[in-house]
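Shown next, in structure tokens, is the structure this report addresses.
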Amino acid sequence: CRCCADSRRHSSILYNILRSDERTASPAGQGPRRGQASRGCPCGSRRRVALRSPQVACKAASAVLVKTLRFVQNVPCFQELPLDEQLLLVRSCWAPLLVLGLAQDRVHFETVESAEPSMLHRILTTRRQGEQPPPRGRAPGQPHHGPGGGGGGGGGGPHLPSAGEIQAIKGFLAKCWSLDISTKEYAYLKGTVLFNPDLPGLQCTQYIEGLQREAQQALNEHVRLIHRGDEARFAKLNVVLSLLRSINANVIAELFFRPIIGAVNMDDMLLEMLCAKL
């Protein structure tokens, strides 16, 4: 990493503190082994971020989620599936469908670096208190939640998204906006995402696979009819679908829903919304 290479050229305060700890812990007469201390990459992509205006962005995302589930409920083929099959499909694809909805509604959001204590702050604080540094990602004095602790996606405590994860979402939105995707194209893309026959536990696999194939065929025919001069457009739209695989549902839940709902279980909320008249 280039930033790591640049950081080796000068000794920062943090580097000197780590070096002094290392020399103290080493046996007398022995220096630290070469390559023994591994420092984390200080790239900005790993920094934790939060929404700049959570009330505005979360309200917009919540409205998109309602519209997305309303769209799903209005698909006749989806309604013909058993309820457990419907729920399994929605649980697996709500996040990519939501991001497609954010792109369709051209929802913009900005993030700021979180107020999470820096490594230097934790080292200086624990040195004064004579305590072990808390694990990265949890502020001093904050209780630890195990793997089953409350969380937006069923994970542990609050886990702020990294700048890199947010950049992946924004990159996807920018890709959609650059293609100027139409309403019909968004509908066919959503149908392709919704009817995923590869999910474990599905019983109507062949039926769902046929629905996904129909969505792809309808998209291809629409593109050939409307964009006759752009033979590569269908391939570009499929690239959009491939980019959705990098979108993490837990990141979406933490970013857009935890700030206003708290430690919500998305599965429970999706079941409630799916059974409601939206």
Side-chain angles (χ1 to χ4, degrees), residues 60-83 85-109 153 168-199 202 204-205 207-227 233-249 251-253 255-257 266-267 269-271 273-278:
S62 299
V64 170
L65 181 61
V66 171
K67 290 173 62 176
T68 298
L69 291 180
R70 185 182 297 133
F71 166 83
V72 169
Q73 289 177 330
N74 289 332
V75 177
C77 299
F78 180 82
Q79 290 297 326
E80 295 177 4
L81 292 168
L83 181 59
E85 300 274 284
Q86 294 180 22
L87 186 58
L88 186 58
L89 290 174
V90 170
R91 280 175 173 172
S92 70
C93 71
W94 73 267
L97 287 180
L98 176 68
V99 179
L100 277 172
L102 294 176
Q104 184 174 4
D105 287 0
R106 292 189 172 268
V107 175
H108 295 265
F109 65 92
I169 298 173
K170 288 193 171 187
F172 174 82
L173 297 177
K175 180 66 175 178
C176 291
W177 296 336
S178 68
L179 291 174
D180 195 20
I181 301 175
S182 68
T183 301
K184 281 192 175 182
E185 287 171 333
Y186 273 117
Y188 297 139
L189 289 173
K190 291 176 183 178
T192 303
V193 172
L194 174 63
F195 296 114
N196 181 7
D198 299 325
L199 295 178
L202 284 177
C204 309
T205 306
Y207 178 68
I208 294 172
E209 184 178 8
L211 295 175
Q212 186 183 66
R213 191 183 308 114
E214 288 179 11
Q216 278 281 285
Q217 290 176 349
L219 176 62
N220 191 15
E221 292 174 2
H222 174 78
V223 168
R224 291 172 59 185
L225 178 64
I226 304 300
H227 301 274
R233 184 169 181 82
F234 181 69
K236 293 176 182 177
L237 292 175
N238 276 293
V239 169
V240 167
L241 290 176
S242 67
L243 292 176
L244 280 173
R245 300 191 187 102
S246 65
I247 305 299
N248 188 310
V251 172
I252 300 299
L255 182 67
F256 292 115
F257 297 103
M266 290 302 298
D267 286 349
M269 189 173 76
L270 289 171
L271 175 59
M273 295 178 70
L274 193 63
C275 296
K277 296 294 183 181
L278 299 176

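Bear in mind that the values here come from a model prediction, so they are computed numbers and not experimental data. What's counted below: heavy atoms across the whole structure, side chains too, no hydrogens, waters or symmetry copies.
Panel note: side chain Glu185, backbone Ser182; a donor-acceptor pair is recorded below 3.5 Å. At distances below 3.5 Å, not a single donor-acceptor pair connects side-chain atoms of Gln104 with backbone N or O atoms of Thr183. Looking at Arg233, its side chain does come within 3.5 Å of a backbone N or O of Leu179 through a donor-acceptor pair.
Taking CG of Leu270 as the reference point, atom CE of Met266 lies at 5.0 Å (rounded to 0.5 Å). Here the OG atom belonging to Ser246 is positioned 8.5 Å from the CD1 atom belonging to Ile169, to the nearest 0.5 angstrom. For the atom pair CZ of Phe256 and OG of Ser62, the computed distance is 10.0 Å after rounding to the nearest 0.5 Å. Annotation: the span from Asn220 atom CG to Gln216 atom CD amounts to 8.0 Å, rounded to 0.5 Å. Separation of atoms NZ (Lys236) and CG (Asn238) is listed at 13.0 Å; rounding is to 0.5 Å. With values rounded to the nearest 0.5 angstrom, Lys184 atom NZ is found 14.0 Å from Leu189 atom CG.
Summarising the geometry of Pro197 relative to Thr205, their closest heavy-atom pair is O-CG2, 3.4 Å, with the distance given to 0.1 Å. For the pair Ala61 and Leu102, the tightest heavy-atom approach, listed with the atom from each and the gap, is CA-CD2, 4.2 Å. The shortest heavy-atom contact between Leu194 and Leu89 is O-CD2, 3.5 Å. When every heavy atom of Leu100 is checked against every heavy atom of Tyr186, the shortest pair comes out as O-CE2, 3.7 Å. Contact detail for Gln73 and Cys275: the closest heavy-atom pair is NE2-N, 4.5 Å. A pairwise comparison of heavy atoms in Asn196 and Leu202 identifies O-CD1, 3.3 Å as the closest pair.
The shortest side-chain heavy-atom distance between Val240 and Phe172 falls under the 4.5 Å cut-off. Taking the side chain as every heavy atom from C-beta outward, Ile181 and Cys176 approach each other to under 4.5 Å. When side chains are defined from C-beta on, Trp94 does not count as touching Thr68, because their heavy atoms never get closer than 4.5 Å.
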- Item | Worked check of side chain to side chain contact (heavy atoms under 4.5 Å, CB included) between Leu65 and Met269 | CA-CA 11 Å; Leu65 181 61; Met269 189 173 76; 3.8 Å; yes

- Task: Mind running side chain to side chain contact (heavy atoms under 4.5 Å, CB included) on Lys67 and Asp105 for me, showing each step along the way?
- Result: CA-CA 10 Å; Lys67 290 173 62 176; Asp105 287 0; 2.9 Å; yes

- Task: Might you work through the side chain to side chain contact (heavy atoms under 4.5 Å, CB included) test for Ile208 and Leu81, ending with a clear yes or no?
- Result: CA-CA 9 Å; Ile208 294 172; Leu81 292 168; 4.2 Å; yes

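Legend: residues meeting ring-ring contact (aromatic ring centres under 6.0 Å, His included) with His108, ordered by chain and number and at least two apart, are Trp177.
More than 12 non-hydrogen atoms from other residues, nucleotides or ligands lie less than 6.0 angstrom from NZ of Lys170.
Checked against the 6.0 Å centroid criterion, the rings of Phe195 and Tyr207 do not qualify as a close aromatic pair.
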